[in-house]
Amino acid sequence: MWEVGRKVRATRSDQPSRPHPLTAGIYCGIMVAQVDHLLALGHPYSEIANESVIESVDSLNPYMHAHGVAYMIDNCSTTARLGARKWAPRFDYMLNQVTYPALDDPTRLDMSPFENFESHIIHAVLRACAELRPSVDIVVE
């Protein structure tokens with residue numbers, strides 16, 4: 001099953017790829033949902049920005065790009081690995097049974113998440129964090 005990812009990484013170009021709009025939207029939506037959850041629990045902005053966005057963009061994304069999702073999950077802690085395997089089928093079900101059908105029927109689309117995203121407090125928080133950031137890129141080989 002995971003051989004497909006290995007083959008794709010072996011044949012891909014060094015040119016930057018364009019993100020798939022639906023995948024990018026779902027990914028951003030998940031990050032914002034985590035931000036909202038941590039805000040509701042009273043976590044500080046710096047922790048929320050780091051745990052929800054910065055670690056993903058700086059660490060997890062380059063790692064997954066270099067090695068693939070399966071490798072990352074297989075090399076996580078037992079708790080993270082079991083959690084990823086537990087939630088993957090549920091997430092897949094929600095995409096296939098809720099999200100994709102809603103996209104096929106524009107009358108079912110709720111545009112308020114897009115409006116809420118554009119005015120979300122996390123943007124100001126991330127701007128402040130970016131000002132404190134060193135000019136160093138992370139490289140994963």
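Predicted model only: the values in this text are computed from it and were never measured.
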- [ ] Say whether Tyr100 and Val98 are linked into one hydrophobic cluster, either directly or through other cluster members, by side-chain heavy-atom distances under 4.5 angstrom.
- [x] no

Task: Counterpart residues, side chain to side chain contact (heavy atoms under 4.5 Å, CB included), relative to Glu118 (two or more places apart) - done: none

Open item on the list: If I take atom CG from residue Leu39 and atom CD from residue Gln34, how far apart are they, to the nearest 0.5 angstrom?
Closed with: 11.0 Å

TODO: Look up atom OG1 in Thr99 and atom CG in Leu95, then write down how far apart they are to the nearest 0.5 Å.
DONE: 5.0 Å

Task: side chain to side chain donor-acceptor pair (under 3.5 Å) evaluation trace for Asn75 with Tyr63 - done: CA-CA 11 Å; Asn75 288 282; Tyr63 192 84; 4.6 Å; no

Open item on the list: If the condition is ring pair (Phe, Tyr, Trp, His ring centres under 6.0 Å), which residues does His123 pass it with, not counting sequence neighbours?
Closed with: Phe117

Open item on the list: Starting from Leu103, can I reach Phe91 by hopping between I/L/V/M/F/W/Y residues whose side chains sit under 4.5 Å apart?
Closed with: yes

Task: Closest contact, heavy atoms only, Val53 versus Met31 - done: CA-SD, 3.9 Å

Open item on the list: Could you see if Met94 belongs to whatever hydrophobic cluster contains Ile30? Use Ile, Leu, Val, Met, Phe, Trp, Tyr and a side-chain cutoff under 4.5 Å.
Closed with: no

Open item on the list: I need the Arg127 CZ to Leu132 CG distance, nearest 0.5 Å.
Closed with: 13.5 Å

Open item on the list: So does Ser52 get a backbone contact from the side chain of Ser56, meaning a donor-acceptor N/O pair under 3.5 Å?
Closed with: no

Task: OH on Tyr45 to CG on Leu126, rounded to 0.5 Å - done: 12.0 Å

Task: Greater than 12 external heavy atoms within 6.0 Å of Arg85's CZ - done: yes

TODO: Taking all heavy atoms of Pro62 and all of Val57, pick out the closest pair and write down the distance.
DONE: CD-O, 3.3 Å

Task: Any residue meeting side chain to side chain contact (heavy atoms under 4.5 Å, CB included) with Thr79, in chain and number order, not counting sequence neighbours - done: Ser77

Task: Nearest non-hydrogen partners of Val69 and Met64, listed with the distance - done: CG2-SD, 3.7 Å

- [ ] Just do the side-chain contact (heavy atoms from CB on, under 4.5 Å) check on Glu47 and Leu38 with the steps written out, would you?
- [x] CA-CA 9 Å; Glu47 178 188 4; Leu38 294 175; 5.8 Å; no

- [ ] Look up atom CG in Asn50 and atom CD in Glu55, then write down how far apart they are to the nearest 0.5 Å.
- [x] 4.5 Å

Open item on the list: If hydrophobic clusters are built by linking Ile, Leu, Val, Met, Phe, Trp and Tyr wherever their side-chain heavy atoms come under 4.5 Å apart, do Ile121 and Val32 end up in the same one?
Closed with: no

Task: Side-chain donor or acceptor of Asn96 paired with backbone N/O of Asp92 under 3.5 Å - done: yes

Task: ILVMFWY network linking Trp87 to Tyr27, side-chain heavy atoms under 4.5 angstrom - done: no

- [ ] Give the minimum heavy-atom separation between Arg81 and Asp74, together with the two atoms involved.
- [x] NH1-O, 3.7 Å

Task: Point-to-point distance, once rounded to the nearest 0.5 Å, from NE2 of His65 to NE2 of His67 - done: 10.5 Å

